[in-house]
Engineer: 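The structure that follows is given in the form of structure tokens.
These figures come from a predicted structure and were not determined experimentally. Letters go in sequence order (proteins before strands), and every chain restarts at 1.
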Amino acid sequence: MTATATALGDGVLDELRGILGGDEYVLPDLPARVNRTRVPAPFPVHRWGEFLPDVAVLPRTTEQVSEVVKLANRHGIPIVPRAGGTGLADGAVPLRGGIVVDVKLMNRILDIDLVDRTVTVQTGINMLTLNRELKAHGVIYPDDPASYPCSIVGGRIGTSGWSLIGGRYGHTRDLVISMELVLPTGEVIEVGDGGGRKVRKSSTGFQLKHLFMGHQGTLGIATEATLELVPRPEVEFAAFFAFSDYGTAWEATGALAKSGLATLAGVVLFDEWKLAYLRRDDEAYIPQPPTVRAVIASAMYGARDEVEPASRRLMRIAKETGGKYLGDEISQGDWASRHDRYATPLHGRLKDGQVVPMCWHCEDASIPYSQLPAVREKWHAIAKRYIDRYGIFDDWGMFAYTNAAYKPWGDYLTEIDIGIWEQELDEESWRGWVQCKREIAEVALEHGGSITACHGATRAGDVELVPQEMGGGFEVMKKIKAALDPNNVMNPGKYLLDQAYEGENGREAVR
Amino acid sequence: MIGFTLRAQRPPEPRRVNDDVVERFEHVLEVAPEKMTEHVQQQDIPAWDTHRIVGGRWDHLDWMHDHWADSVLSTGIEPEIAELGEPMPSEERS
Ligand SMILES: Cc1cc2nc3c(=O)[nH]c(=O)nc-3n(C[C@H](O)[C@H](O)[C@H](O)COP(=O)(O)OP(=O)(O)OC[C@H]3O[C@@H](n4cnc5c(N)ncnc54)[C@H](O)[C@@H]3O)c2cc1C
């Protein structure tokens, strides 16, 4: 039942060239495949070859994607969708070789509708490129991950991503109104809240849009999406505040987040480990004296008439709760750098302070506000144990970021960033790393949280805990997978969904 | 070529900011040279190149502001951090 092909014959490559209309869209050469193997998350570089795809293809139309998927079913070849390749849960990493469907050439804007306030695109477009076009129309598509310049609409759908300004404008699942997608068997369907490509709220049938969000390419390939348009903000306001201790800053974060100010897009709480990292290595250096042990960042967007008075209220709340303003230059400069954190994961320190090149692990749990202080203690303690033992990791600190859509209170995207000296990894230290990751994720579940707010839980160290987090929902996931993907061709091996094809449960699901 | 340019525009001696960081130009922070000796070597960078890199970063940030909103609202309030007291002992970094 499971597709296991690892090397494709000339016949398959010729079929692919026929479907895609030329050699230049079918890339079996090694560099093209090596470049589409990993993502920026920590990777077992000593085993790179295990994750190589057999070929990458670059479709330009929905029909081509559909034909490629049908071919994969005919031959039992795995298919892995890949957009920007920035996903930090390894979703775009092929586990069984096969065909990588790279959607980047599907990057056309199909329709800008300023009356019904939507834009319809092919899913290979990047948000920055899209918004450059939309600027002339006085509107934006406000999906703003910290990978904004390089992640792509298809990957945002594949991960059900989280946006920096989601507290004001919502996250990817709120901003994608409907989509066209190719199912794992090759049929093309449209899904939204109900029917109607531009309808934002419907009660007809099952809410299928959510099913096809965040499945990490295991349930098909989104080829077109109709997206929300909002008025381009007249003003942006960013304010950063310093605190001498974490507890006071945590209280202040809660006060700001529940202020009820509608233009508030996000509140972020950095802890003292993050401050130490910002002082020594981050390109967005915040040169604060050692007395500063926590910082809150906040940002607002909207019409000037709303943001101006709201900003005064925000400044007042921060002052009353103990915050010291860091000034306009740091607030504005650092906020602008938050849209683009690709520069972050470059180097870290060994215990003796020496610089080494490091890649970046970003834990991204959703944690209830009340649990943040306890989770913070436990996460740093876990990181310290593994740093002491292996000597190739570095604790880059934590932040907690308002997580809910439209109303920034309740739970927080909670990150611990850990640097990893990847070139030094061997199997033992890699396993040690995965165990560290798993312990961190377990703490999130112990405290009533979720493993992931943004990236998905498809990596080793997360995925083993998905049945625990999802409970009975995981059984439903398996039934859906087996029903929609009878040959297990769509991103096989992810989310433990091979279990859908095993034993009694699998047979029932397939039937 | 680099050597020639470096002689022509040798950066000033660094001012130490803390154990890990030095500063040669205002607001331009660098890893302290002795912390980049074993695994990654620090490169000599002529002053003009540092200015070019830093200028490029500011251009990028200005572009980002302009990309997201018509204007940026300032408070005009001076930084207040000097008012902070000593850190609480429980907050010491382990
Ligand atoms: C510096 C940095 C900062 C980041 N900050 C954030 C952040 O703030 N918020 C956040 O949410 N994430 C963040 N991320 C993670 C990442 O950018 C997001 O997960 C993003 O949504 C991935 O998009 P991508 O285009 O790179 O997708 P990829 O990594 O290529 O793919 C992601 C998943 O989607 C699947 N997929 C790709 N295309 C399609 C398609 N057309 N249809 C169905 N499935 C598809 C893939 O198979 C894979 O499982 C960050 C990453 C980096 C490197």
Side-chain angles (χ1 to χ4, degrees), chain A residues 128 131-132 135 140 144 232-239 242-247 272-273 276 279-281 283 285 287-294 300-301 304 307-308 311 315 324-333 336-337 339-340 347 349-350 352-357 380-381 384 421, chain B residues 15-23 25-43 53-94:
Chain A
L128 184 151
N131 279 330
R132 253 194 328 220
K135 189 175 180 184
I140 58 166
D144 180 23
R232 180 177 152 77
E234 287 172 13
V235 286
E236 170 191 283
F237 174 73
F243 294 81
S244 59
D245 71 282
Y246 179 83
E272 68 267 30
W273 276 264
R279 281 191 194 99
R280 59 178 160 99
D281 288 319
E283 59 67 59
Y285 183 93
Q288 300 305 321
T291 47
V292 176
R293 310 308 293 258
M300 296 179 143
Y301 286 90
R304 181 175 289 278
V307 175
E308 268 181 357
S311 71
M315 295 295 289
K324 304 294 177 202
Y325 187 52
L326 289 185
D328 290 343
E329 186 179 318
I330 282 191
S331 299
Q332 292 167 10
S337 81
H339 306 282
D340 175 10
H347 74 266
R349 305 290 180 118
L350 302 181
D352 63 5
Q354 280 291 321
V355 166
V356 290
H380 284 305
K384 184 172 185 318
W421 191 8
Chain B
R15 178 183 79 82
R16 183 155 288 276
V17 175
N18 59 36
D19 281 354
D20 289 310
V21 175
V22 298
E23 184 182 41
F25 302 101
E26 197 182 357
H27 296 319
V28 181
L29 292 308
E30 298 172 23
V31 172
E34 72 276 10
K35 297 291 170 69
M36 291 181 74
T37 52
E38 286 179 28
H39 309 286
V40 183
Q41 306 297 317
Q42 214 163 34
Q43 299 168 30
I53 293 166
V54 172
R57 184 66 183 157
W58 279 111
D59 284 351
H60 176 69
L61 297 181
D62 286 347
W63 184 93
M64 235 355 145
H65 283 303
D66 184 56
H67 182 70
W68 281 102
D70 295 341
S71 64
V72 175
L73 190 63
S74 298
T75 64
I77 299 172
E78 289 298 311
E80 300 167 335
I81 45 159
E83 296 171 32
L84 278 182
E86 284 302 302
M88 289 161 44
S90 63
E91 295 295 325
E92 284 305 322
R93 187 175 174 226
S94 52

Engineer: Run the side-chain contact (heavy atoms from CB on, under 4.5 Å) test on A:Leu350 and B:Glu38 for me, step by step, so that the C-alpha distance in whole Å, both residues' side-chain angles and the decisive distance to 0.1 Å come before the verdict.
Structural biologist: CA-CA 11 Å; A:Leu350 302 181; B:Glu38 286 179 28; over 6 Å; no

Engineer: How many angstroms lie between CD in B:Glu78 and CG in A:Asp328, if you round to the nearest 0.5 Å?
Structural biologist: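 It comes to 8.5 Å.
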
Engineer: Any side-chain heavy atom of B:Met64 within less than 4.5 Å of one from A:Asp340?
Structural biologist: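 B:Met64 vs A:Asp340: side chains touch.
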
Engineer: Does some side-chain heavy atom of A:Glu329 sit less than 4.5 Å from a side-chain heavy atom of B:Pro79?
Structural biologist: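 Sidechains of A:Glu329 and B:Pro79: no contact.
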
Engineer: Between B:Asp20 and A:Arg279, is there a side-chain heavy-atom distance shorter than 4.5 Å?
Structural biologist: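 No - every pair of side-chain heavy atoms lies 4.5 Å or more apart.
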
Engineer: Are B:His65 and A:Gln332 linked by a side-chain donor-acceptor pair shorter than 3.5 Å?
Structural biologist: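 There is no such pair between these side chains.
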
Engineer: Answer with side chain, backbone, both or neither: which region of A:Tyr325 has an atom nearer than 4.5 Å to a non-hydrogen atom of chain B?
Structural biologist: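 Both backbone and side chain of A:Tyr325 come within 4.5 Å of chain B.
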
Engineer: What residue in B:Gly76, B:Ala69, B:Ser74 has the most heavy-atom pairs under 4.5 Å with chain A?
Structural biologist: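 The residue among B:Gly76, B:Ala69, B:Ser74 with the greatest pair count is B:Ala69.
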
Engineer: What part of B:Glu30 lies closer than 4.5 angstrom to a heavy atom of chain A: side chain, backbone, both or neither?
Structural biologist: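 Neither part.
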
Engineer: Kindly give the heavy-atom pair with the smallest separation between A:Arg232 and B:Trp68, and that separation in Å.
Structural biologist: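 That closest heavy-atom pairing would be NH1-C, 4.0 Å.
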
Engineer: Please look at A:Met315 and chain B and tell me whether the side chain, the backbone, both or neither of the residue comes under 4.5 angstrom of a heavy atom of that chain.
Structural biologist: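 Contact with chain B is through the side chain of A:Met315 alone.
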
Engineer: Hey, what do you get for CD (A:Glu308) to CG (B:Leu73), rounding to the nearest 0.5 Å?
Structural biologist: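 Between A:Glu308 CD and B:Leu73 CG, I get 5.5 Å after rounding to 0.5 Å.
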
Engineer: Among the options A:Asp144, A:Val355, A:Asn131, A:Asp352, pick out the one with the most heavy-atom pairs lying under 4.5 Å from chain B.
Structural biologist: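 Most pairs with chain B among the choices: A:Val355.
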
Engineer: Which pair of heavy atoms, one from A:Gly353 and one from B:Lys35, lies closest together, and at what distance?
Structural biologist: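 Closest pair (atom of A:Gly353, atom of B:Lys35, distance): O-CD, 3.3 Å.
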
Engineer: Within this structure, what is the CZ-CH2 distance for the pair A:Arg132 and B:Trp63, rounded to the nearest 0.5 Å?
Structural biologist: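 Rounded to the nearest 0.5 Å, the CZ-CH2 separation comes out at 5.5 Å.
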
Engineer: If you count every heavy atom of other residues, nucleotides or ligands that lies below 6.0 Å from B:Gln41 atom CD, does the total exceed 12?
Structural biologist: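 Counting other residues, nucleotides and ligands, CD of B:Gln41 exceeds 12 neighbours.
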
Engineer: With distance as the sole test, does A:Gln354 use its side chain to make a donor-acceptor pair with the main-chain N or O of B:Glu34 at under 3.5 Å?
Structural biologist: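 Between the backbone of B:Glu34 and the side chain of A:Gln354 there is a qualifying donor-acceptor contact (under 3.5 Å).
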
Engineer: With a 4.5 angstrom heavy-atom cut-off, which part of A:Leu128 approaches chain B: side chain, backbone, both or neither?
Structural biologist: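 Both parts, heavy atoms under 4.5 Å.
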
Engineer: Are any of the side-chain heavy atoms of A:Pro357 and B:Val40 separated by less than 4.5 Å?
Structural biologist: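 In short, these two side chains touch, coming nearer than 4.5 Å.
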
